[in-house]
Amino acid sequence: MTNKFFYITFSVIVSWLFYVIPAVGEIKGEEQAVLTSPPEVPPPITRKHNTKVFVKLEVIEKKMKISDGVDYTFWTFGGTVPGSFIRVKEGDQIEFSLRNHPSSKMPHNIDLHAVTGPGGGASASFTLPGHESVFSFKAMNPGLYVYHCATAPVGMHIANGMYGLILVEPKDGLPKVDREYYVMQGDFYTKGKYGKQGYQPFDMEKAIDEKPTYVVFNGATNSMTGDKSLKAKVGETVRLFVGNGGPNLVSSFHVIGEIFDKVYIEGGSNINKNVQTTLVPAGGSAVVEFKVEVPGNLVIVDHSIFRTFNKGSLGLIKVDGESNKDVFSGKTADNVYLPEGGAIQKVHDKEEISKASSPEEQFRLGKNTFTQNCAACHQPDGKGVKGAFPPLASSDFLKQETKKIIGVVKNGLSGSITVNGEVYNGVMPALGLSDEEIANVLTYVYGSWGNSKKVIKASDVKSVVSKTIEGGH
Ligand SMILES: [Cu+2]
């Protein structure tokens with residue numbers, strides 16, 4: 001009796017399995033993959049079935065800007081660094097064709113971390129200039145995967161920009177969001193120092209020593225600032241597909257002014273919630289999601305922070321919309337603070353500042369403020385750093401209305417500006433100085449290095465509207 005029952009149950013299950021298993025893997029029809037350049041991402045996949053997907057990717061070696069006035073020979077997948085974004089569905093059959101442009105000097109190949117098979121397809125895709133290789137694979141595991149060139153010397157091919165991301169969407173897709181962007185970090189090694197103008201060749205020694213000249217998102221400094229900033233509106237949800245091509249550094253990926261509501265750790269299926277900074281290894285990825293609640297600039301950085309301010313790992317997300325004072329008030333008070341004990345020294349300083357009635361006194365105090373707050377970027381001699389921080393010495397920018405210049409120091413500045421004929425497209429943070437300090441430091445700046453010798457009063461500073469402070473933690 002019991003045996004018979006088991007036998008019947010068993011045969012029902014077996015026949016059900018035979019029915020279901022082929023259906024799961026079944027491939028219906030075929031289509032061309034939509035490929036996009038960073039920071040764009042192909043649209044979500046809406047079909048419910050698996051299909052045969054054709055991916056055609058072209059390797060192009062070409063000269064492009066790595067920074068303002070600095071050219072570099074990149075080796076690219078699809079003409080951009082990082083390479084074209086590829087989006088398929090778990091269970092899809094992918095026929096991959098790698099084409100190496102006839103003008104290339106090198107053979108190249110591709111190792112896709114999404115491939116289950118030897119070398120991720122590397123030897124199957126080894127391609128000489130003017131040739132095409134074809135191989136196919138099944139997207140077995142959902143996740144966000146790095147692909148890269150794996151032709152010797154591998155480090156050099158990756159260092160020249162040969163990497164990108166392929167997303168294998170899970171069976172049931174990803175939750176709907178309002179915006180998706182593609183952001184990939186990489187470290188670069190040039191003969192000349194950071195910002196050194198003109199053509200800069202690859203420096204193998206620096207690469208071996210793991211001492212990058214540039215650490216950037218999407219292949220160049222300022223790839224996502226000014227007009228190229230990513231965009232979002234208050235109330236929207238944003239998903240960043242984050243990758244790190246390396247070749248050497250790991251990224252402490254962080255967005256200043258946001259908390260990641262969700263992180264798909266290492267680009268896999270596990271989700272961490274409420275994350276401030278997520279580690280993205282070289283040759284690894286993460287998917288981060290957050291809702292934007294207040295307007296302003298969110299700053300994408302590698303929180304190994306010298307890389308951000310001195311090597312280029314900085315991007316912006318411009319959020320437009322209504323402010324929400326409940327979520328973030330902006331500065332609501334600027335009071336005198338005189339604790340007991342600290343009083344003697346402080347009272348003295350305060351008196352000095354408010355007492356700085358003479359321009360000479362303002363100049364002297366302003367020099368201190370400059371040394372402590374400005375010199376790190378604009379340099380002690382005011383000459384700045386070419387390609388990164390504009391000069392204040394004999395700056396033609398300073399000839400504009402004083403109101404505008406006060407606004408720069410009070411509220412910060414971003415976007416493209418021209419100073420003495422050089423274009424700068426960086427971010428100057430609002431430093432939270434008092435009106436007196438701003439008056440003094442500008443009196444010092446105007447009074448130095450061949451500038452116009454204007455004297456700025458605290459009341460002038462007070463009359464300039466202060467905007468929501470951006471870029472702070
Ligand atoms: Cu290559």
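For the numbers below, each heavy atom of this structure counts, side chains included, while hydrogens, waters and symmetry mates do not. Whatever order the structure lists ligands and atoms in, that order sets their numbers, starting from 1.
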Qualifying residue, where the test is side chain to side chain contact (heavy atoms under 4.5 Å, CB included) with Ile265 and the options are Asn272, Val287, Val275, Leu279: Asn272

Heavy-atom neighbours of Glu205 CD exceed 12 at 6.0 Å: no

Around the Cu ion (ligand 1), number of protein N/O/S atoms which are nearer than 2.8 Å: 4

Check: Tyr424 ring centre within less than 6.0 Å of Phe389 ring centre: no

Which residues share a side chain to side chain donor-acceptor pair (under 3.5 Å) with Thr151, sequence neighbours left out: Asn109

Sole residue of Glu40, Glu169, Glu31 in salt bridge (charged side-chain N to carboxylate O under 4.0 Å, His left out) with Arg87: Glu169

Note, Leu112 side chain near Tyr145 side chain (heavy atom, < 4.5 Å): no

